J.: 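Take this structure first; my questions come after.
Computed from a predicted model, the values in this text were never measured in an experiment.
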Amino acid sequence: MNAAAMSDSSSVANGPKSEIYEALTSIRLIDPHSHINPHSPASTTLADLLGYHYYTELAHSAGMPKSRIEDKAIGPKELVERLVGGLQPLENTAQYSWLIEICRTFFGFEEDRLHLNNWEALYDRSESIMASAQWSETVLDQSNVQAVFLTNDFDDALEGFDTDTYIPCLRTDDLVFHLAKPEVRGRLAACTGIELDGSLESLRSSLKQRFEHFVGRGARACAISIPPTFTPTPVGDGRASTALNAVLQKGISADASHQEALSRRVFWTLAELCDEFGLPFDLMIGVNRQVYPEGVFQGQDLYDSRVSLIQYRELFNSFPNVKFPVSVLASVTNQELVSYAWIFPNVITNGHWWYSNTPSFIARDSAARLEAVPQTKQIGYYSDAYKLEFIWPKFDMYRKVLSGVLADQFVGDRGWSIERAVELGRRVLRDNVDEIFPRPNGAAGEDSHDEKALGSPRSGLESLGVVGVATAVAGVTEVLEIDALPAEEEVHELGVEDVELRETSAPSGTSADELETLVEDETLDVGNLLDDEPTAQITQLRGESSFSPDDDSLQLQPDPNTGEFTFPVNQSDSDDTLEISPSDDDSPAEKTDPTAETVQELEEFDLEFLDDDEESK
């Protein structure tokens with residue numbers, strides 16, 4: 001089932017909203033933030049889906065004991081049975097609708113509720129489907145997703161996966177907030193080969209090495225999740241050195257003021273490196289960890305309304321060339337984010353995160369952004385998914401809301417055409433991702449794009465040759481070789497906006513590199529042409545038996561009129577007379593005056609030319 005077929009099941013009413021929605025579903029997406037494991041990106045059983053923290057925390061909230069959910073002794077099938085038994089209270093939630101849509105879209109589920117009487121057949125059928133070796137690629141294609149940004153630990157080797165499809169992102173929480181832990185410092189030393197020796201140089205060098213590693217393997221962003229109490233400000237060298245040495249000596253027992261000063265220094269250094277390497281710095285602001293310690297895994301954290309972006313004013317002002325895509329955890333902070341993106345050129349609104357990721361909050365927040373923030377500074381949505389299957393329903397929820405906002409406020413209220421509204425939707429859904437997160441220069445695999453870059457199914461263009469079709473995808477150009485200019489519908493099948501036709505055949509002639517290979521290593525020895533004495537035997541050109549040069553005739557002398565060096569001639573009464581030295585011929589050379597003969601030839605030529613000209617008339 002492709003994206004167009006999947007959209008048929010969507011409950012979007014007819015009219016402008018429906019037309020806009022259908023157009024938005026055809027856009028091939030890049031998901032700019034997820035927690036996908038590139039070595040196991042898709043699910044293998046329903047337990048991977050129902051184990052998503054949204055379902056475990058909601059089931060726990062509805063009364064299921066934590067011990068029944070996190071019992072390590074139970075297998076995946078039993079876990080699904082337990083969670084399905086606790087789903088009924090969740091049927092009203094947006095998260096439940098994601099689950100049903102996944103089951104319908106990928107596993108052929110035809111019911112609208114999952115319960116204890118139908119779950120097992122679905123479990124067995126889905127497990128068989130997910131066993132396919134191409135399951136991950138199938139999910140991406142059916143979801144109309146080209147690539148997914150990851151969340152990579154700073155010591156990730158970034159090996160064993162396609163970095164064009166699974167795009168690395170340097171996550172820096174541990175570096176900023178947990179460098180006092182010996183295990184974190186050990187990981188940093190192991191992956192960089194640089195030991196923190198108490199000098200600020202060693203700290204910066206180790207952080208820079210991580211940027212070099214990530215950017216060299218295609219990373220397009222640096223990211224961090226930040227508590228509401230943190231205020232990023234610069235720390236002087238003296239204070240930072242004291243803090244670093246205190247942490248190295250005492251670890252987590254170091255005074256809190258030293259740990260906080262070191263955190264701010266590391267954060268500021270990361271911002272400097274983002275500036276140096278041209279990486280956007282994703283800021284996810286406002287989460288308080290372990291507010292509910294007895295909650296299930298990942299169901300313990302909440303937002304804090306006391307957070308304010310005023311805490312980041314010095315950062316935004318100090319790094320005008322760094323792009324800061326900002327996510328706020330609560331819709332109540334959205335107006336402040338809109339205002340900062342309104343004023344600061346480097347502040348970008350980014351997605352609808354966590355507790356504000358439900359339709360009602362998305363509708364209010366996205367409408368406020370579209371009303372007030374330049375359209376080029378909005379990243380509409382990211383999935384935050386842990387498994388690929390969730391990208392489709394979460395993005396589809398956003399597309400439905402976005403279609404309604406565009407239809408009501410832009411087509412209805414402002415009189416925009418549907419095409420214009422769709423272009424705005426495309427801008428925030430896809431185009432801005434390409435422009436805000438471009439591929440770094442010199443990234444590994446820059447030219448290694450395969451057919452995944454254009455989506456599935458591929459058009460027939462790739463089987464041809466001679467004329468190149470260059471298609472811009474995610475800031476990357478792929479060249480397809482074809483024999484003839486494609487028809488408009490063939491270009492449209494590529495599924496991208498920018499298509500450039502260009503001649504890619506090899507240029508004729510010889511290149512400079514090829515010429516260099518033809519040049520002989522040794523130069524021709526012609527001797528010293530200005531030497532008074534000949535340095536080599538002269539070979540006769542006209543069959544003379546001998547040649548006896550005299551000193552006067554072979555010396556170069558300057559011409560009295562032009563200054564040009566020439567061989568002198570014997571002067572007689574006329575400057576036009578040339579005396580030739582005698583040779584061994586039987587008769588001496590005659591004196592000749594070529595002037596008269598030359599004039600006669602020119603006159604005859606001119607007359608013939610005039611005669612021909614008269615005849616032509």
Side-chain angles (χ1 to χ4, degrees), residues 35 37-39 149-161 163 166-226 230 232 234-254 258-284 319 322 437 439-446:
H35 296 272
N37 176 359
H39 303 287
F149 279 50
L150 308 178
T151 298
N152 302 92
D153 289 336
F154 69 84
D155 55 344
D156 195 326
L158 305 179
E159 296 174 349
F161 61 91
T163 56
Y166 301 103
I167 300 171
C169 174
L170 173 57
R171 189 66 180 257
T172 58
D173 303 42
D174 282 346
L175 294 172
V176 173
F177 300 114
H178 302 296
L179 202 56
K181 296 180 179 179
E183 59 269 26
V184 174
R185 297 198 303 275
R187 289 165 53 201
L188 182 61
C191 67
T192 63
I194 300 172
E195 291 282 350
L196 297 182
D197 58 9
S199 68
L200 296 179
E201 290 78 11
S202 67
L203 176 62
R204 183 180 180 86
S205 295
S206 63
L207 297 176
K208 184 174 182 178
Q209 196 279 339
R210 289 294 82 195
F211 273 75
E212 292 169 346
H213 171 74
F214 271 75
V215 172
R217 286 157 180 78
R220 301 196 198 178
C222 176
I224 188 170
S225 176
I226 308 173
F230 185 73
V235 177
D237 288 351
R239 180 69 183 94
S241 181
T242 299
L244 175 59
N245 280 280
V247 166
L248 291 178
Q249 293 173 12
K250 297 184 178 181
I252 59 175
S253 299
H258 293 315
Q259 296 189 49
E260 190 270 339
L262 182 59
S263 292
R264 289 193 288 120
R265 178 61 180 236
V266 171
F267 183 96
W268 205 260
T269 304
L270 293 174
E272 292 172 347
L273 291 169
C274 284
D275 196 5
E276 178 179 343
F277 285 84
L279 283 187
F281 200 175
D282 281 4
L283 307 180
M284 293 167 280
F319 298 96
V322 176
F437 300 105
R439 175 183 291 275
N441 292 331
E446 188 164 353

J.: Walk me through it: do Leu188 and Leu179 pass the test side chain to side chain contact (heavy atoms under 4.5 Å, CB included)?
T.: CA-CA 9 Å; Leu188 182 61; Leu179 202 56; 4.2 Å; yes
J.: Please answer whether the main-chain N or O of Ser206 pairs with a side-chain N or O of Arg210 as donor and acceptor at a distance below 3.5 Å.
T.: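 No: the side chain of Arg210 does not pair with the backbone of Ser206.
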J.: Would you give the length of the straight line joining atom CZ of Phe277 to atom NZ of Lys208, rounded to the nearest 0.5 angstrom?
T.: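 Answer rounded to 0.5 Å: 5.5 Å.
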J.: Which is it for Glu183 and Arg187 under the salt bridge (charged side-chain N to carboxylate O under 4.0 Å, His left out) test, yes or no, and what are the steps along the way?
T.: CA-CA 6 Å; Glu183 59 269 26; Arg187 289 165 53 201; over 6 Å; no
J.: Ignoring hydrogens and geometry, is there a side-chain-to-backbone donor-acceptor pair from Arg171 to Thr151 under 3.5 Å?
T.: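 Checked: no pair found.
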J.: Under the side chain to side chain contact (heavy atoms under 4.5 Å, CB included) criterion, do Arg265 and Leu244 qualify, and how do the steps go?
T.: CA-CA 9 Å; Arg265 178 61 180 236; Leu244 175 59; over 6 Å; no
J.: Any heavy-atom pair between the side chains of Trp268 and Val235 that's under 4.5 Å?
T.: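 Contact flag for Val235/Trp268 side chains = no.
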J.: I'd like to know if the side chain of Asp275 reaches the main chain of Val322, judged simply by a donor and an acceptor atom lying under 3.5 Å from each other, with no hydrogens or angles considered.
T.: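 Not a single qualifying donor-acceptor pair exists.
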J.: Please check this pair: side chain of Gln259 against backbone of Val247, looking for a donor-acceptor N/O pair closer than 3.5 Å.
T.: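 No.
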J.: Please check: side-chain N/O of Asp155 versus main-chain N/O of Cys191, any donor-acceptor pairing under 3.5 Å?
T.: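 Side chain of Asp155 to backbone of Cys191: no pair is present.
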J.: Determine whether Arg239 and His258 make a side-chain contact, defined as any pair of heavy atoms from C-beta on separated by less than 4.5 Å.
T.: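 SC-SC contact between Arg239 and His258 confirmed.
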J.: Determine whether Asp156 and Pro168 make a side-chain contact, defined as any pair of heavy atoms from C-beta on separated by less than 4.5 Å.
T.: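 Not touching, per the 4.5 Å side-chain cut-off.
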J.: Do side-chain atoms of Asp197 reach the backbone of Ser199 as a donor and acceptor pair under 3.5 angstrom?
T.: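 Looks like yes, one N/O pair under 3.5 Å.
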J.: Can you confirm whether Glu195 is buried at CD, in the sense that more than 12 heavy atoms of other residues, nucleotides or ligands lie under 6.0 Å from that atom?
T.: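 Open: at most 12 neighbouring heavy atoms sit under 6.0 Å from CD of Glu195.
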J.: Are Leu279 and Phe214 close enough that some pair of their side-chain heavy atoms sits under 4.5 Å apart?
T.: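 No, every pair of side-chain atoms sits at 4.5 Å or beyond.
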J.: Are any non-hydrogen side-chain atoms of Thr172 and Phe267 less than 4.5 angstrom apart?
T.: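 SC-SC contact between Thr172 and Phe267 ruled out.
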J.: Under 3.5 Å, is there a donor-acceptor pair between the side chain of Ser241 and the main chain of Asp237?
T.: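 No, the answer is negative, given that no donor and acceptor are paired below the 3.5 Å cut-off.
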J.: Looking at Arg185 and Ala180, would you say the former's side chain and the latter's main chain have a donor-acceptor pair under 3.5 Å?
T.: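 Judged by distance alone, yes, a pair lies under 3.5 Å.
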J.: Given side chain to side chain contact (heavy atoms under 4.5 Å, CB included), test Phe154 with Thr192 step by step and report yes or no.
T.: CA-CA 10 Å; Phe154 69 84; Thr192 63; over 6 Å; no
J.: Measure the acute angle between the ring planes of Tyr166 and Phe161, then classify it against the limits of 30° and 60° as parallel, tilted or perpendicular.
T.: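 Correct class here is perpendicular.
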J.: Let me confirm one number: the CG-CG distance from Leu170 to Leu273, rounded to the nearest 0.5 Å.
T.: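 Rounded to the nearest 0.5 Å, the CG-CG separation comes to 9.5 Å.
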J.: Taking all non-hydrogen atoms of both residues into account, name the closest pair between Val266 and Leu175 and its distance.
T.: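 Closest approach of Val266 to Leu175: CG1-O, 3.6 Å.
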J.: I want to check something: taking the side chain as every heavy atom from C-beta on, are Phe230 and Phe177 in contact at a cut-off of under 4.5 Å?
T.: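 Counting from C-beta outward, Phe230 and Phe177 do come under 4.5 Å.
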J.: Closer than 3.5 angstrom, by distance alone: can the side chain of Asn152 be matched with the main-chain N or O of Cys169 as a donor-acceptor pair?
T.: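 Checked: pair present.
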J.: Could you check Leu283 against Ile224 for side chain to side chain contact (heavy atoms under 4.5 Å, CB included), going step by step and ending with a plain yes or no?
T.: CA-CA 6 Å; Leu283 307 180; Ile224 188 170; 3.9 Å; yes
